[in-house]
Protein chains: 2
Amino acid sequence: MEKVGIKDIAARANVSTATVSYVLNGTRNVRPKTKERVLKVIEELNYRPNDIAKSLKSNRTNTIGVIAEDVTVFNVPEIIDGINDYADRYDMHILLTNLRLQKRIGYNYSKMEDYRKYAQDAVSNLLSKQVEGIIYIGVHPRDLTGLVNTYNKPIVYTYCYANDAKSVQYNDEQASYDAVNYLVSKGHSRIGVISGLMDSIPSRLRFNGYYKALTEFQLPFDPQFIKVGDWGLDSGYRLAGELLSLADPPTAILVMNDLMAAGALRCASEQGVVVPRDLSIVGFDNREFSAYLSPSITTVELPLHDMGILAMKSLASMISGDGEVIDETPLCRLIERESVAAPRTAGK
Amino acid sequence: MEKVGIKDIAARANVSTATVSYVLNGTRNVRPKTKERVLKVIEELNYRPNDIAKSLKSNRTNTIGVIAEDVTVFNVPEIIDGINDYADRYDMHILLTNLRLQKRIGYNYSKMEDYRKYAQDAVSNLLSKQVEGIIYIGVHPRDLTGLVNTYNKPIVYTYCYANDAKSVQYNDEQASYDAVNYLVSKGHSRIGVISGLMDSIPSRLRFNGYYKALTEFQLPFDPQFIKVGDWGLDSGYRLAGELLSLADPPTAILVMNDLMAAGALRCASEQGVVVPRDLSIVGFDNREFSAYLSPSITTVELPLHDMGILAMKSLASMISGDGEVIDETPLCRLIERESVAAPRTAGK
DNA sequence: CTGTTAGCGCTTTCAC
DNA sequence: GTGAAAGCGCTAACAG
């Protein structure tokens, strides 16, 4: 009873293997009577097609490779979920490679050459497995041009990019602009910013959005209001302290991630500055904890699920060669929670 | 230059395809000179082996299927990471199926029949793809006996189980016992518990551990100290309130997840009960936010990575048929943070 | 409407 | 040390 193949079905049903194949795939009309007989035997013998053989012949695997730099990094699972969301609808399968970047080399960029090797190996393995395309999910937005060679197989990057390939990003500048806009709508005009490291693309983009909004709403631009953190909670704590100790401190702070926002919150709390009454705070990322702090943090949620969907959609169209170009840049969404209110001394 | 195969290499190097195969796999000795020539041509033509063809012939895919009920559920990515950790070392590849349970049917158990269909389809697809085994990752520990039929392919369950198959679990009872032990070592004797829903296996196991520790240390067992929550933050808040309003309230509470612990924390804070001075709290899960609350929560971390490793290890040994039986039940680890201290009125 | 058959790209036995 | 050739389980001409 082991390993029943199309041939066994054919023999038992007194038809040719071709006919079995036809009823299996509906590739051609088969007399109902014959079809029924074949189906019955398939049932009896509990036959399951062998996709490997099928793939060898048809040159299609319906499988794509997904390379995740690190599946345990907070934003990554939701992107994968988006990829699945789209892939499921088209019966595409996913061969997952987890580079385990964080655990293998941490943030030690001197090991970057090792890393390139891992990445290229992953691509090569996937290619050997005949994937029809690859999606590469980074751990944060940065330029990965030249990291790997896919030998003309389509690849799309997301949550990172490469200049010589398709990538799916989200609109960071707009998100920041919208956040400031929201603060302005609440009556704020003295708006500080705690940025992430300045060599980071999101930091730059978010700063652009902040600056653009300031300009557009004709708000005062005070260099003292601009603080550069390192994404860590402690830096948010420290920089919020600096902001608060200004002679004329901001009434609101745009903080470029929830971790630093949590630090800012803690600092405010310790200084007796009550959020949001005395100070409004907006974070970024919608990290899980941002909903559980007191006050909960109003924050910008990244469109991760959509990025996954779009990455898969782009890849699918590249694979099918239908020429359709997916060119959306999904928007972030502001999650209103408790850390923002009108400034105490409203108006300007 | 497209699609170079073993045949092209053979022709260009003036050898047979067999020889090419031999140098590729080191299956047989080849004269160094010949070998070198073949290797050179492989390089020149930039040949990449086709694993599909290889698999068809060899009947091995080096691929296992991983079915995750939901990759976005907080504990799941780390389990996957563990699977990768082990799989990488043995050059095993992973075909990932994400059932998207949460998003598809939520907690609507009336749709359970639909769910079984999804699960069985996932298994069938994976089987067609000729995976050598399957790892099934649940979203929480529960009995899944009879959910799917793998037609004798090995399957191992983790973060859930089935009575008729191998599963990798962690030691919940011990974790709870250890947590109480820890509280006792700090001087507590009046220890309350806020449990999760009582139809949940972890709730039962953790309660067992709690009860066992109480018994063993001859601590008072007061039914009033036992509260049953629903895993949500609000229930933790409410039940901590009930505990605190007792005539003689506990000095420490074992809370069966971090979410309810966060609720308990909030309740204490609002009542002016300062944690950990007036009340110690231990949570479960080591959720991300538990480190960022003030005070941060001392909590029990689940050995998710190990579970992934062990699941993969078990599956690998089932596949190889080496008869080795992996029978470890990894332990949880208590993460000491700020929410526990000696009781104010130390001693008994 | 159905059957025969030539491969898909590789591994491996058997022969030299 | 090397080559010829038989398949692995399927699909899709091509021929009836």
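Per chain, numbering begins at 1; letters A, B, ... match sequence-line order. Every heavy atom of this structure was used, including side-chain atoms; hydrogens, water molecules and symmetry mates were not. This one's a predicted model, so the numbers in the text were calculated from it and none came from an experiment.
- Sequence order on DNA chain D of the closest nucleotides to B:Ser16 and A:Leu24 puts B:Ser16 first from the 5' end.
- For the pair A:Leu56 CG and D:dG9 C1', the computed distance is 9 Å after rounding to whole Å.
- Atom NZ of A:Lys7 is separated from atom C1' of D:dC10 by 10 Å (rounded to the nearest Å).
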If you apply the rule side-chain hydrogen bond (donor to acceptor under 3.5 Å, both in side chains), what do you find for B:Tyr136 with B:Glu69, and how did you get there? CA-CA 8 Å; B:Tyr136 188 104; B:Glu69 291 193 329; 2.6 Å; yes
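- Following rounding to the nearest Å, A:Ile52 (CD1) and C:dC10 (P) show an atom-to-atom distance of 14 Å.
- For the pair A:Asn14 CG and C:dT2 C1', the interatomic distance rounds to 13 Å; values are reported in whole Å.
- Counting any heavy atom pair closer than 4.0 Å across all strands shown, B:Thr17 reaches a base atom.
- In this entry the distance linking CG of A:Asp8 with P of D:dC8 reads 11 Å, nearest Å.
- Within 4.0 Å (heavy atoms only), B:Ser21 reaches at least one base atom of the nucleic acid.
- At the heavy-atom level, A:Val15 lies under 4.0 Å from the strands shown only through sugar-phosphate atoms.
- Note on residues 44-95 of chain A: pairs passing ring-ring contact (aromatic ring centres under 6.0 Å, His included), not counting sequence neighbours, are A:Tyr86-A:Tyr90.
- More than 12 heavy atoms of other residues, nucleotides or ligands lie within 6.0 Å of NZ in A:Lys103, so this atom counts as buried by the packing criterion.
- For A:Ser55 and D:dC10, the shortest distance from a side-chain N or O to OP1 or OP2 is not below 4.0 Å.
- Residue-level contact check: B:Lys54 touches the backbone only, with heavy atoms under 4.0 Å from sugar-phosphate atoms and none from bases.
- Within 4.0 Å (heavy atoms only), A:Asn59 reaches no atom of the nucleic acid at all.
- When the side-chain nitrogen and oxygen atoms of B:Thr27 are compared with OP1 and OP2 of C:dT11, none of them lie within a distance under 4.0 Å.
- Straight-line distance from the NZ atom of A:Lys57 to the P atom of D:dA12: 8 Å, rounded to whole Å.
- A straight line from NZ of A:Lys3 to P of D:dC10 spans 9 Å, rounded to a whole angstrom.
- In this model, no donor atom of one side chain and acceptor atom of the other lie less than 3.5 Å apart for B:Ser128 and A:Lys54.
- Of the side-chain N and O atoms in B:Thr19, none sit less than 4.0 angstrom from OP1 or OP2 of D:dT2.
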Review item, nucleotides 14-16 of chain C N/O atoms under 3.5 Å of protein N/O:
residue	atom	partner	partner atom	Å
C:dC14	N4	B:Arg28	NH1	3.2

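- Residue A:Lys35 places its NZ atom among 12 or fewer non-hydrogen atoms of other residues, nucleotides or ligands, all under 6.0 Å distant.
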Kindly determine whether B:Asn98 and A:Asp81 satisfy side-chain hydrogen bond (donor to acceptor under 3.5 Å, both in side chains), including the steps that lead there. CA-CA 7 Å; B:Asn98 178 12; A:Asp81 196 70; 2.7 Å; yes
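- Checking B:Pro49 against A:Asn29, the closest nucleotide of DNA chain C that is more toward the 5' end is the one next to A:Asn29.
- Look at A:Asn25 and you'll find a side-chain N or O under 4.0 angstrom from OP1 or OP2 of D:dT11.
- A:Ser58 comes within contact range of no nucleotide atom at all, as no heavy-atom separation falls under 4.0 Å.
- A heavy-atom distance below 4.5 Å is not found between the side chains of B:Val23 and B:Val15.
- Counting non-hydrogen atoms of other residues, nucleotides and ligands closer than 6.0 Å to CD of B:Gln120 gives a total above 12.
- Among the atoms of the strands shown, none is found under 4.0 Å from any heavy atom of B:Asp51.
- Atom-to-atom, OH of A:Tyr47 to C1' of D:dC10 comes out at 7 Å; the value is rounded to the nearest Å.
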